[in-house]
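Comments concern the structure below.
Atom set for the values below is all heavy atoms of this structure, side chains included, hydrogens, waters and symmetry mates excluded. In this text, all values refer to a predicted model and were calculated from it rather than measured experimentally.
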Amino acid sequence: MNNVLFDAPGPKARLRQRIYTVIGALVIVGFLAWLVLRMQDYGQLDYEQYWEVFVTPTYVDIIVQGLRDTLLMAVSSIIAALAVGVVFGVGKLSEHAWIRWPCWAVVEFFRAIPVLLLMLFIYFTYGIGDGFGSYWSVVIALTLYNGAVLAEVFRAGLLAVPNGQSEAGYAIGLGKTQVTMIVLLPQAVKIMLPAIISQMVVALKDTSLGYVITAPGLTDAYRLIKIEFTNQLPAAIVIGAIYIVVNLILTWIATMVQKRIVGEKKQLEVPAVGGPGSGTAV
């Protein structure tokens with residue numbers, strides 16, 4: 001079937017797609033076979049020496065504790081980031097330049113700086129010694145970064161609501177703040193929800209950066225296990241598989257929410273850089 005946006009592939013195109021699929025599958029199978037052979041050559045498939053640890057109750061508890069800490073850090077940072085995102089997202093839409101410009105500067109600063117550098121700066125400034133430690137250094141760094149990203153999501157979501165909605169609010173006598181909080185924000189949440197959930201996946205993966213400051217979590221469990229058993233590759237495979245499973249679950253939830261609430265597959269597009277004068281409020 002052909003339409004304006006999509007042309008159904010013809011016989012040659014379908015043949016090329018099948019060939020590419022077969023080639024891709026062969027490449028993946030070949031890589032896995034090569035990996036298994038390399039592990040066999042280096043004795044990494046020895047069950048008792050390298051793999052039994054992953055079914056030993058003591059180390060299973062360490063992995064479960066690491067998974068719990070990872071999820072707690074991700075959830076804590078994303079909840080705090082939502083609050084930061086609302087404040088700065090709405091601030092970027094303010095009519096007042098003395099509010100809009102500082103909000104723009106804060107958002108662009110924390111979006112630009114690498115999360116790892118931010119994490120290291122917080123940890124070595126306030127985290128060590130009598131400070132709040134590596135756990136909260138990770139949470140604060142992820143809050144600032146994801147809050148800046150979500151501020152753009154909120155700004156784009158508010159601007160995506162049809163102008164008629166805000167005009168209707170003004171027509172019945174509501175003020176600007178009331179229009180934003182009562183009329184626009186509830187409608188924008190429907191548009192923003194898939195992007196917000198997708199950002200949770202990013203926050204979950206970024207908790208692994210806490211490895212460099214020995215923060216608790218799955219990567220710390222990986223560090224403890226591979227130091228004791230020198231099984232870097234098996235440990236990386238197991239911990240990586242746990243990350244993949246958790247992220248697949250979150251992605252599945254995001255997809256379900258998107259289909260049920262938003263009703264389309266395309267996510268909210270957030271521009272890479274939003275100027276302080278872009279999209280001024282409703």
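- Between F132 and Y126, the angle of the ring planes lies from 30° to 60°, which puts this pair in the tilted group.
- The backbone N or O of H96 lies less than 3.5 Å from no partner atom in the side chain of W101, so there is not a single donor-acceptor pair.
- No donor-acceptor distance shorter than 3.5 angstrom exists from the side chain of S94 to the backbone of G91, with no hydrogens or angles considered.
- In the hydrophobic clustering (ILVMFWY side chains linked at under 4.5 Å, chained through shared members), V27 is joined by L15, I19, I23.
- V90 meets the side-chain contact (heavy atoms from CB on, under 4.5 Å) test with V86, L158, T180; sequence neighbours excluded.
- Distance OG1/T230 to CG/L233: 12.0 Å, rounded to 0.5 Å.
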Problem set entry | Trace of the side chain to side chain contact (heavy atoms under 4.5 Å, CB included) decision for I63 with I225 | CA-CA 9 Å; I63 294 174; I225 291 174; 3.9 Å; yes
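- Applying the salt bridge (charged side-chain N to carboxylate O under 4.0 Å, His left out) test to every pair with at least one member in residues 218-234, sequence neighbours left out, gives these pairs: D220-R223.
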Which pairs of donor and acceptor atoms, one on a side chain in residues 72-80, lie under 3.5 Å apart (sequence neighbours left out)?
residue, atom, partner, partner atom, Å
S76, OG, L72, O, 2.7
S77, OG, M73, O, 2.9
S77, OG, A74, O, 2.9

Problem set entry | Full working for side chain to side chain contact (heavy atoms under 4.5 Å, CB included) between V183 and Y170 | CA-CA 10 Å; V183 178; Y170 292 130; over 6 Å; no
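- Looking at every heavy atom in both residues, P216 comes nearest to D69 through CB-OD2, 3.4 Å.
- With hydrogens and angles disregarded, no donor-acceptor distance shorter than 3.5 Å links the side chain of Q165 to the backbone of P162.
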Exercise. Checking side chain to side chain contact (heavy atoms under 4.5 Å, CB included) for the pair L150/V84: CA distance, chi angles, key distance, verdict?
Worked result: CA-CA 8 Å; L150 289 176; V84 172; over 6 Å; no
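- Annotation: the span from I122 atom CD1 to L117 atom CG amounts to 11.0 Å, rounded to 0.5 Å.
- In this view, Y135 satisfies the ring pair (Phe, Tyr, Trp, His ring centres under 6.0 Å) rule with no residue, not counting sequence neighbours.
- Among residue pairs with one or both ends in residues 14-26, none qualify as side chain to side chain donor-acceptor pair (under 3.5 Å); sequence neighbours excluded.
- The hydrophobic cluster around I244 extends to L248, counting ILVMFWY residues whose side-chain heavy atoms fall within less than 4.5 Å of a member.
- Other residues sharing the hydrophobic cluster of V60, ordered by chain and number and joined by side-chain separations under 4.5 Å: V64.
- Among residues two or more places apart in sequence or in another chain, the side-chain contact (heavy atoms from CB on, under 4.5 Å) test is passed with V55 by Y47, E52.
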Exercise. Is there a side chain to side chain contact (heavy atoms under 4.5 Å, CB included) between F154 and I196 once you walk through the steps?
Worked result: CA-CA 9 Å; F154 279 108; I196 292 172; 4.3 Å; yes
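- Not counting sequence neighbours, F110 has no partner by the ring pair (Phe, Tyr, Trp, His ring centres under 6.0 Å) test.
- Counting side-chain heavy-atom gaps under 4.5 Å among Ile, Leu, Val, Met, Phe, Trp and Tyr, Y42 is found in no cluster with other residues.
- Minimum interatomic distance between L120 and V212 (heavy atoms only, all atoms of both residues): CD2-CG2, 3.9 Å.
- One finds the CD atom of Q232 at 7.0 Å from the CD atom of Q44 (value rounded to the nearest 0.5 Å).
- Within the structure, no pair that satisfies the ring-ring contact (aromatic ring centres under 6.0 Å, His included) test touches residues 174-215, not counting sequence neighbours.
- Residues Y243 and T219 form a side-chain contact, since some pair of their non-hydrogen atoms from C-beta on lies under 4.5 Å apart.
- The two residues F88 and V107 make their nearest non-hydrogen contact at CB-CG2, 3.7 Å.
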